[in-house]
2 protein chains.
Amino acid sequence: MPERPKTAPATLHDVAREAGVSLATASRSLNGSARKVNDDYRQRVHEAAARLDYSPNLSAQAVAKGASSTVALLVSNIADPYFSSIAAGVIRGAEAQGLIVTMAVTERSSARELQLVRTLRGQRPRVIILTGSRFEGPRSQDALVAELTAFTNTGGRVVLISQRELPFSAVVVDNYAGARRLANVLFEQGYRRFAAIGGDRGLMTSGDRLSGFADGLAEHGIAIHPDHITRGEFTRDGGFAAAQELLTKGIEAVQLVFAVSDVMAVGAMSALREGGRSAPDSIAVAGFDDIPMARDVTPALTTVNIPLEEVGMRAVELALSSTATTSDSVVTVGTRVIVRASTPLVRAGD
Amino acid sequence: MPERPKTAPATLHDVAREAGVSLATASRSLNGSARKVNDDYRQRVHEAAARLDYSPNLSAQAVAKGASSTVALLVSNIADPYFSSIAAGVIRGAEAQGLIVTMAVTERSSARELQLVRTLRGQRPRVIILTGSRFEGPRSQDALVAELTAFTNTGGRVVLISQRELPFSAVVVDNYAGARRLANVLFEQGYRRFAAIGGDRGLMTSGDRLSGFADGLAEHGIAIHPDHITRGEFTRDGGFAAAQELLTKGIEAVQLVFAVSDVMAVGAMSALREGGRSAPDSIAVAGFDDIPMARDVTPALTTVNIPLEEVGMRAVELALSSTATTSDSVVTVGTRVIVRASTPLVRAGD
DNA sequence: ATCATTTCGGAATAGGCTTTCCAACGTAGA
DNA sequence: TCTACGTTGGAAAGCCTATTCCGAAATGAT
């Protein structure tokens, strides 16, 4: 039978009184303090705590200790499978260390991102993890860097995911190499004439994947015609629109469309289908990320696997590892080309 | 140029000293206090704060005010699009109220759920939101109810999503009615012979949808043969396995498979395809939830739309609305049948 | 010009917890 | 039996902020 305190939560003070011990003893009993307390007392305190439904006030603990037990995570859009997979990894990694995750979404706005970092910093989290690729360009990030630096100066850790340009630790994906290898694999499957769908100009992830892909093709003396590269938002709808644009421009001769992310590839496949060029029969499509959904669309999507959940876990580990204390370190996770039904072998003479 | 405090974050005290005012004045200047402070002072304080990279300590504020500014959200699995869409809504709703969201994942384990509620309660969040349907059954939830009751007794708000059995406020989806309507629509499209895939027995969401569907068919004198109902985990793989089981049992005559969730339906489509019964030509498939992905699979999935993001927002609003203070209230959100390519019209005589 | 009000800065207290410091106790060694 | 030392409980200080309570200054009215 739980009590009915009606109003204020039980405090440690209440527990101490109920157990007939001092505050200090109660505190030492209920958390793993360095000092021992007599088993009799321990027990009395625990019983009293149970009786009062006591739950330690984490905020008060944070104030007293000067360190909270949270990890702050910023994502562009939690409903996007790319980010939600990373978030799952972050949550798992944090939990392994007994930390709680607080999350905020930036909606891909730098202004919001800055604002959120400001707010989140107030939580005094142990770590702030930023995902979602930044825009290139010199000055655009100054305020953010200043804010993050202030945070690290006071003992906080910052980890960037998939972003190496800012002076902080990072978990990065070798987008360039992955895309390059993808291009090679596709060439070997017989593809020769390509189109590409990128993210907004200046988005680094998109840029790296695009140039990796282009360089991979260049190894075989192939170039993508500039008219066959379109750009859109880094979303399903962005991919849809970009593919429509390709159709308008005319891609009759094109055999395969490479989209720089799976969500864009999925949108593109829908647009292509509506435009009468269904994959895989009329045109092939490849993506990047290997989000869970890539397996289940029809045709299943050829893509470059990133161990998304591992990326999230690694970010937490990196932040908390001692080496990260002294200097910024970068962990690179590998990628793997995954060939599925969306890019069948090209018949000779096609 | 940010300072280099090297160690401890600047405190309000530091700001006050730097600005040459009292602690009280600094506090009143930096947050929207009820009392006014002279513009000169305000300015001085703000400048000092900027100079010191001051960021208010949210934990300390929470202790001083006796109320934190966080919302705690529990989901089964954040990588599942159903939950990540709801989470997006919760985050948006919380942000509208200036609240921060902390998230934890239960992995569908009651034990973990209880444990997490205990931990989260320590945050003294304004609201705890639980998603993921509970299992039916009398006593299994006692400990959880006790914990949540202790929380509400001390002024916290609890909101359940898609769950009406526990004595707390809830945002519920009319699963029964939606499934029933779906059955009617499918009947009108000409379907007569059905199979169904459910979640684990005892999972309420699954049960409601299954019985709604069955009742909808019963209105037209149709029943599903017991052999044509299988169950699996509430995941993509669960749907895959359940569909395989259906194939084994033999569903030659079946025209349409209804899965109680879209993720299961997606898994089922894959299994059916592998088994030589591709949708929509060889068999039709319908799901429930209308996750974003439902649009993009091929064939696009007929399903019952739930405004997932709205559900999340509503949960926050409900928790914070004054009416919820006095008694537990239930908000029901409507559903809408969405017909897509996975359930084409049945040719007469088929 | 005087008195009643209002305005607003500052000192002090509260809030829940951790931790340092002190003192009392018990044990062991001589 | 006496001293030295390690244990362990308790009192109190400290963490950072909000807010109450005072008092002084400024304002307005008569």
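Order of the sequence lines fixes the chain letters, A, B, ..., with proteins taken first and strands second; residue numbering starts at 1 for each chain. Nothing here was measured: the structure is a model prediction, and the numbers come from that model.
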Under the side chain to side chain donor-acceptor pair (under 3.5 Å) test, residues paired with A/Q43 that sit two or more places apart: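 A/Q43 satisfies side chain to side chain donor-acceptor pair (under 3.5 Å) with A/E47 only.
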
Can you list everything that forms a side chain to side chain donor-acceptor pair (under 3.5 Å) with A/S84? Sequence neighbours excluded, please.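 Not a single residue meets the side chain to side chain donor-acceptor pair (under 3.5 Å) criterion with A/S84.
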
Distance below 4.0 Å between B/Y54 side-chain N/O and D/dC16 OP1 or OP2: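 It does not, given that no N or O in the side chain of B/Y54 lies less than 4.0 Å from OP1 or OP2 of D/dC16.
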
Below 4.0 angstrom from OP1 or OP2 of C/dC17, is there any side-chain N or O of A/Q61?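 False: A/Q61 side-chain N/O out of range (4.0 Å or more) of C/dC17 OP1/OP2.
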
Check: B/S169 side chain, B/V159 main-chain N or O, donor-acceptor pair, under 3.5 Å: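 Not confirmed, B/S169 side chain does not pair with B/V159 backbone.
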
Side-chain donor/acceptor of B/S27 to backbone N/O of B/L23, under 3.5 Å: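 Checking the backbone N and O of B/L23 against the side chain of B/S27, no donor-acceptor pair under 3.5 Å is found.
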
Quick check: do A/D53 and B/R121 have side-chain heavy atoms less than 4.5 Å from each other?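 The answer is yes, as the side chains (C-beta and beyond) meet within the 4.5 Å cut-off.
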
For residues B/I129 and B/I86, determine if any side-chain heavy atom of one lies less than 4.5 Å from a side-chain heavy atom of the other.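 B/I129 vs B/I86: side chains apart.
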
So which atom in B/R126 and which in B/S68 form the shortest heavy-atom distance, rounded to 0.1 Å?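 Heavy-atom minimum between the residues: NH1-O, 2.7 Å.
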
Of the options [options], whose atoms approach the side-chain atoms of [X] most closely?
{"X": "A/A60", "options": "D/dC16, C/dG16, D/dT8", "result": "C/dG16"}
{"X": "B/N31", "options": "C/dG16, D/dA18, D/dC16", "result": "D/dA18"}
{"X": "A/N57", "options": "C/dG16, C/dT18, D/dC16", "result": "C/dG16"}

Going by number, which of residues 21-29 of chain A have a non-hydrogen atom under 4.0 Å from DNA chain C?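 Going residue by residue through residues 21-29 of chain A, the ones with a heavy atom under 4.0 Å of DNA chain C turn out to be A/A24, A/S27, A/R28.
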
Using the salt bridge (Lys or Arg N to Asp or Glu O under 4.0 Å) criterion, which residues pair with B/E18? Sequence neighbours excluded.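 B/E18 satisfies salt bridge (Lys or Arg N to Asp or Glu O under 4.0 Å) with B/R51 only.
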
Please list every donor-acceptor pair under 3.5 Å in which a side-chain atom of residues 87-95 of chain A meets a protein atom from a residue at least two apart or in another chain.
from, atom 1, to, atom 2, distance (Å)
A/R92, NH1, A/E309, OE2, 3.4
A/R92, NH2, A/E309, OE2, 3.2
A/E95, OE1, B/R112, NH2, 3.4
A/E95, OE2, B/R112, NH1, 2.7
A/E95, OE2, B/R112, NH2, 2.5

Give the rounded distance in Å between these two atoms: [atom1] of [X] and [atom2] of [N].
{"X": "A/R44", "N": "D/dG9", "atom1": "CZ", "atom2": "C1'", "value": "11 Å"}
{"X": "A/D39", "N": "D/dG9", "atom1": "CG", "atom2": "P", "value": "10 Å"}
{"X": "A/H13", "N": "C/dG16", "atom1": "NE2", "atom2": "C1'", "value": "11 Å"}
{"X": "B/R17", "N": "D/dC16", "atom1": "CZ", "atom2": "P", "value": "12 Å"}
{"X": "B/R42", "N": "C/dT7", "atom1": "CZ", "atom2": "C1'", "value": "16 Å"}
{"X": "B/D14", "N": "D/dC15", "atom1": "CG", "atom2": "C1'", "value": "12 Å"}
{"X": "A/L12", "N": "C/dT18", "atom1": "CG", "atom2": "C1'", "value": "9 Å"}
{"X": "B/K36", "N": "D/dA26", "atom1": "NZ", "atom2": "P", "value": "18 Å"}

Nearest nucleotide by nearest heavy atom, which residue falls closer to the 5' end of DNA chain C, B/R124 or B/G20?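 Here B/G20 is the residue nearer the 5' end.
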
Using 0.5 Å steps for rounding, measure from the CZ atom of B/F168 to the OG1 atom of B/T152.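 Rounded to the nearest 0.5 Å, the CZ-OG1 separation comes out at 5.5 Å.
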
Estimated bend of the helix from C/dA1-D/dT30 to C/dA30-D/dT1 (axis per five terminal pairs, rounded to 10 degrees):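 It works out to 30° between the end axes.
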
With a 4.0 Å cut-off on heavy atoms, is B/V37 in touch with a base, just the backbone sugar-phosphate, or nothing at all?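 The answer is sugar-phosphate, as B/V37 gets under 4.0 Å only of primed atoms, P, OP1 or OP2.
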
